[in-house]
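Letters A, B, ... mirror the listed sequences (proteins, then strands); counts begin at 1.
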Amino acid sequence: MTKNRSTSTERGRIQISGFDSDHVTERDPLSGWTEESGRATQSRWERAWSRFKRNRSAIIGLAVVSILALLAVFSRPITVYGLTVQPFSIAPYDPTTILYLSDPTVSIYDSPSTSHPMGVDGSGRDLFSRILYGGRYSISIGFVVVALTASFGMVYGAISGYYGGWVDEIMMRIVDTIFAFPGLILALIIVAILGGGYWQLVLAFSLFGWATYGRLIRGEVLSIKENEYVLAAKALGARDRSVIFRHIIPNAMPPLIVYATLNIGTVVIGVAALGFLGLGMPPGTAEWGTMLDQTRETLIQGPDGSIPWWATIYPGAAIFIFVMAMNMIGDGINDALDAQQTGVGQEGGD
Amino acid sequence: MTRHDEPILRAENLTKYYDSSGGVIDNLLGNSQWVKAVDGVDFELREGETLGVVGESGCGKSTLGQALLRLIEPTDGSIYYQERVDSEGGSGQREEIDLTEVSSSRLRDLRTDLQYIFQDPFSSLNPRLTVGDIIGEPLDIHGIASGEDRDEHIYDLLETVGLNPSHAHRYPHEFSGGQRQRIGIARALAVDPEVIICDEPVSALDVSVQAQILNLLEDLQEEFGLSYVFIAHDLSVVEHISDRIAVMYLGEFAEVGTTEDVFSPPYHPYTEALLSAIPEPDPLWEGEQIFLSGTVPSPIDPPSGCRFHTRCPRVIPPAEYDLEQEVWRSIMDLKLRVRGVDTAEAIAVLDDGGNGDNEPLTLDDIARDNFDSQVRAEFDLPQTIADPTVEQSLSQAIDELYAKNLGAAQDLLEDAFTSPCEVHQPEQVPTGKTHRISCLLYDDRYDDGQFRSTSGGTGDAIADD
């Protein structure tokens, strides 16, 4: 160096000379933000809800699902241990009552009329009542299966992604093995082994259904755990458990919720498919897929040459409407949560 | 401020190697390569002082900071922390603990003494938690406060770092970068630490906000008697905040000393180059900026001897030659280039005087003399070097290159031109009471071209100063 720097190696507060900030009384605020303009803090979920509310198709979907669920709940009274919990009964008939036994004016495959708005099925049961009541099976299996698979898959994926290395390698190879088989085939095998029934169906869809969640969450966790706030939590002395549940999983939730919502529809279709194959609920149960199975032959030819379309159209339409509504909700949540933009980087700007 | 003689935090031979192999399969096959991010660093931090650690990107500063707190497990070495022990005699008693030996639950307790401030205020705060919860987290983890007491603590901390306590219910995205960094500082302060490692806390911020945060750190140090390890790449920032500075190059400390020592001669050649790069606001300033040749070598296979010898402008010539410093640097550059290339054509950009065709030239297209002069021009070597032995060896090497005997040329160059810097690992040489430089230029053992492996007076080169 030709000339020595005039370094001021005196340490201490950085002083700005020639400008005494204490004496400046009038100055523009550093930002437009003031205590008054700062509205009440909105949490992430509140913001997502206000965005969701503006999404018309999502709201329609939510309304349809709510109505279907409410109709299912209030279709027939619910009694628990002999105590009537829910006394309302929207459905005019019991879904399993064979009407022509008590009322000779009713015959099988009666077309829709004012007393039977959706007609009568092949065993002489009121279709309207059965469709309302059938929602109890289809919808509840969808929600129960998704709740089980999503929570297990979430924990599984979080552990796999967080610890990495050998743990990750082994856990993901198990998932690969499950992915090697089509999901419906696996469910079929389980139902074939255990027989039909509500909880057998739940088990059939839950036992392997978590794998997708596991992989989804693992991918999210791999990217989230690189964030400095995870290292910060470790630097503060947080245990692995609290790092995972407090910092990692909440940040991995948006894609999980979106997938879970869409997955409810998939499970309902799967249950209906098994029912249609005669492997779901016991025959005669008012489950939408099983109802389709019972009236399968009417698709080809009815008893007197005419086709009783109401016997298949209404259960099929119920499945269609429910799954469609679920998908609309899922898309709405996807937009509201901005699942593609979960990185914290994008938030710097707002 | 009281300063004890015993360093509050001390590292010996701290080493962190990263495995750069592809994964489990590579590991099984034994294909692992080690990135030597931090390679045997000795280090001490005294109570109440600020130690600045500077170096360019990728030299291992952040790895050092995180290894010191065992946020990443060090590969080797020990870290000693003087824990304050509350004895009946008062609070002055301290007890030394080796952080690399303690159990994970003990380490968790020690996190209340050792804290970390992160570089990026945008990714270091969890976007799902309110500011109150972010600052409250250490209080929950260590059971410091709960209920109303916890809220009280959080409000206090926010006020300490210059934020409004009413901000406790807001989310990080509602704050600016400077405010977020203040939140990060409040979080580190929540456990009432003794030592804070600041990992480039201001490099993500505007210059105007940098000064605010640096002043805040200064004030907090005074108020709470904190000791800082301040990692930065900006010498002018480090100059302001540090009592002592350590200059890091490729995982090793090149120079350690008080701020005055580091900013004034004698310099380590690397520090000298860094200092010459500080922009000076004086328009009449006629500094001579030192440009380093080449790029930072890969930490996977760092250079032998002194790690800086591949770029050092003051690399030592062998004693038997009488060479100018620039010429010697150029010869070293030529040698390193020959070592790195696959074909002799790649040594220099060949030019046959511009006959117009765009065909890439081969050695057959140009005469030997032309090749010679072009190689010399590429490396800024004079057409004839004054020292006849050097000239002879260099001509021979260029002959071999022209004959496309890359290996032979390399052997010739390696035989004739080997700097002591390549061979000998420099030790930290005390050049003053508080100043140590790792450079053979200042090494007593290396004197007038002779290397004495055992000589008096240097045995305690790493001794306490």
Give the table of side-chain donor-acceptor pairs shorter than 3.5 Å for residues 252-266 of chain A, with sequence neighbours excluded, one pair per line with atom names and distance.
{"residue": "A/Thr261", "atom": "OG1", "partner": "A/Ile257", "partner atom": "O", "Å": "2.5"}
{"residue": "A/Asn263", "atom": "OD1", "partner": "A/Tyr213", "partner atom": "OH", "Å": "2.8"}
{"residue": "A/Thr266", "atom": "OG1", "partner": "A/Leu262", "partner atom": "O", "Å": "3.2"}

Would you mind telling me which of B/Leu214, B/Asp120, B/Leu69 has the largest number of heavy-atom pairs within less than 4.5 Å of chain A? B/Asp120
Name the option with the most non-hydrogen atom pairs under 4.5 Å to chain A; the candidates are B/Ser124, B/Ala188, B/Ala190. B/Ser124
Can you list the residues of residues 131-143 of chain B that sit under 4.5 Å from chain A, counting heavy atoms only? B/Asp133, B/Glu137, B/Pro138, B/Asp140, B/Ile141, B/His142
Does B/Arg108, at its CZ atom, have more than 12 non-hydrogen atoms belonging to other residues, nucleotides or ligands within less than 6.0 Å? yes
For B/Arg111, the salt bridge (charged side-chain N to carboxylate O under 4.0 Å, His left out) test, sequence neighbours excluded, returns none
B/Leu129 versus chain A, the contacting section by heavy-atom distance below 4.5 Å: side chain
Compute the ring centroids of B/Phe122 and B/His173, then answer whether they are less than 6.0 Å apart. no
Name the region of B/Gln119, side chain, backbone, both or neither, that has any atom closer than 4.5 Å to a heavy atom of chain A. both
If the threshold is 4.0 Å, N to carboxylate O, is there a salt bridge linking A/Asp176 and A/Arg215? yes
Leading residue by heavy atom contact count with chain B [cutoff under 4.5 Å; candidates A/Leu231, A/Ile224, A/Val230]: A/Leu231
Ignoring hydrogens and angles, tell me if any N or O in the side chain of B/Tyr228 forms a donor-acceptor pair with the backbone of B/Leu217 under 3.5 Å. yes
Kindly assign one of parallel, tilted or perpendicular to the pair A/Trp210 and A/Phe152, based on the angle between their ring planes and the thresholds 30° and 60°. perpendicular
Which atoms of B/Arg70 approach chain A - backbone, side chain, both or neither, heavy atom under 4.5 Å: neither
Hey, are A/Asp335 and A/Arg51 close enough for a salt bridge, meaning a charged N less than 4.0 Å from a carboxylate O? no
A/Arg54: which residues meet the salt bridge (charged side-chain N to carboxylate O under 4.0 Å, His left out) condition with it, sequence neighbours left out? none
